[in-house]
Amino acid sequence: MRTFMHGAAVWGVASPRRPSRVAGVTMAGFRVRDLDTLRMVPHPAVTLLLEFGAGSAVLDSAAGQHRGSVVAGPGLGSGGAVQARGENVACVQVRLSPVIARAVLGTSPADLDGAIVSLPDLWGREAARIRERLGDASSWQDRFALTDALLARRYEEGPPVAPEVAWAWHRILAGRGLTRIDGLAAEVGWSRKRLWSRFRSQLGLPPKRAVSLVRFDHAAHRLVAGESAARVAADGGYADQSHLHRDVKAFTGATPAAVADEPFLAVDDIAWPFRGIGAVDPPSGRPLGRPEGGVLRASCLPPGRASRRPFRRGRPL
């Protein structure tokens, strides 16, 4: 376990030694004695918090307080609406690609309806069993192995999303939020209405929101890395710096300067060493990882569309 220090924040952080066996799963372990109020910054993944031990984290949202293990859809914390705090917090945090979340959770992210949901309400006794087993485990690597085995089993038993929906999601990810969404429906051979409906019902957010969230995530991490707001706006698909400011404000309730100092983002390079790995090749189900040279392989195109041109940074070549 490594120590993360950022301002007044001091956290113990653990990460798996190898990627998950399930493409689209990343996880990290946290142990924090005194968790001061922490802004939850939106991320383009379904968030699964698996608590264990005697302590407890509290998530404060407009709907009230949430304790124990919870799950929330993509964009948890939008508008700065969710903050975390607690004492003697110990948990495994899992980020699930929306493409696999329906199978793992047993319900579509859309059914969460933007809420923070208690995991026992969703999984019943299985939530209590995994909490107990995580607490009994002797090491973080054992906890990650237990979590990974559980997620792999649930994934194998759960229903997949439509290949066209999975492909559209990965096209948006590979484009870092710069993908032009008007052509997605035509490229998968569906009507715009059908794609928008299936995408929303299976992944929990509409394509336009997905593009904005992915674009914001990349912009926020560049701000944390020390890049100027002007540079991030110019390179990140924003009309101007004011557009970036409005987008960051809408997602976090804070300015770009404040977001650049958020511990929730600054810890990523330590906590998520396999961040960006674990995409899924929709037609085959094979791990995709980072697009090679920024170009999606032809095998990543939807069935019957392998002749279409690859793209770089969301723009057709």
Side-chain angles (χ1 to χ4, degrees), residues 4-7 9 11 13 15 26-28 30 35-47 49 59 61 72-84 93-98 114 169-170 172-179 181 203-279 290 294 313-314:
F4 168 73
M5 302 179 67
H6 187 83
W11 305 346
V13 182
S15 55
T26 55
M27 64 184 83
F30 297 93
L35 180 61
D36 293 329
T37 300
L38 172 73
R39 189 197 315 270
M40 301 292 286
V41 179
H43 185 273
V46 172
T47 297
L49 293 176
L59 296 183
S61 72
L76 170 66
S78 288
V82 179
Q83 296 183 328
Q93 180 183 344
V94 181
R95 290 175 175 173
L96 298 172
S97 165
W169 170 258
H170 290 298
I172 291 170
L173 277 187
R176 299 191 172 190
L178 301 180
T179 306
I181 60 176
L203 303 190
L205 72 174
K208 186 175 181 179
R209 177 70 171 178
V211 167
S212 296
L213 182 56
V214 170
R215 181 180 62 185
F216 160 77
D217 181 61
H218 283 279
H221 282 92
R222 291 181 64 183
L223 291 170
V224 171
E227 296 189 45
S228 70
R231 176 77 175 224
V232 172
D235 295 344
Y238 294 93
D240 51 32
Q241 193 170 335
S242 295
H243 183 196
L244 171 66
H245 189 284
R246 292 192 301 272
D247 205 45
V248 171
K249 188 78 171 178
F251 274 111
T252 67
T255 65
V259 167
D261 197 43
E262 287 291 341
F264 190 88
L265 295 173
V267 75
D268 271 17
D269 286 341
I270 297 174
W272 311 97
F274 301 113
R275 183 163 55 98
I277 300 175
R290 294 186 183 277
R313 293 183 63 80

Which atom pair, heavy atoms only, marks the closest approach of [X] to [Y]?
X      : Y      : value
Val214 : Pro44  : CG2-CB, 4.0 Å
Ala229 : Leu223 : CA-CD2, 3.9 Å
Pro98  : Ala45  : CD-CA, 4.3 Å
Val259 : Ala220 : CG1-CB, 4.2 Å
Val232 : Tyr238 : O-CD1, 4.3 Å
Pro263 : Leu38  : CB-CD1, 4.1 Å

Separation of [Y] [atom2] from [X] [atom1] (nearest 0.5 Å):
X      : Y      : atom1 : atom2 : result
Asp235 : Ser228 : CG    : OG    : 9.0 Å
Asp261 : Arg39  : CG    : CZ    : 10.5 Å
His245 : Gln241 : NE2   : CD    : 8.5 Å
Ser78  : Met40  : OG    : CE    : 11.5 Å
Leu96  : Met27  : CG    : CE    : 8.5 Å
His218 : Leu213 : NE2   : CG    : 10.0 Å

Query raised in the report: Does the side-chain contact (heavy atoms from CB on, under 4.5 Å) test come out yes or no for Leu49 and Leu59, once each step is laid out?
Result: CA-CA 11 Å; Leu49 293 176; Leu59 296 183; 4.0 Å; yes
Pairwise side-chain contact, [X] with [Y], heavy-atom cut-off 4.5 Å (strictly under):
X      : Y      : value
His243 : Asp240 : yes
Thr252 : Phe264 : no
Arg215 : Asp247 : yes
Leu203 : Pro74  : no
Gln93  : Thr47  : yes
His43  : Leu76  : no
Asp268 : Val224 : no

Query raised in the report: Can you say whether the rings of Phe216 and Phe251 are parallel (under 30°), tilted (30 to 60°) or perpendicular (over 60°)?
Result: parallel
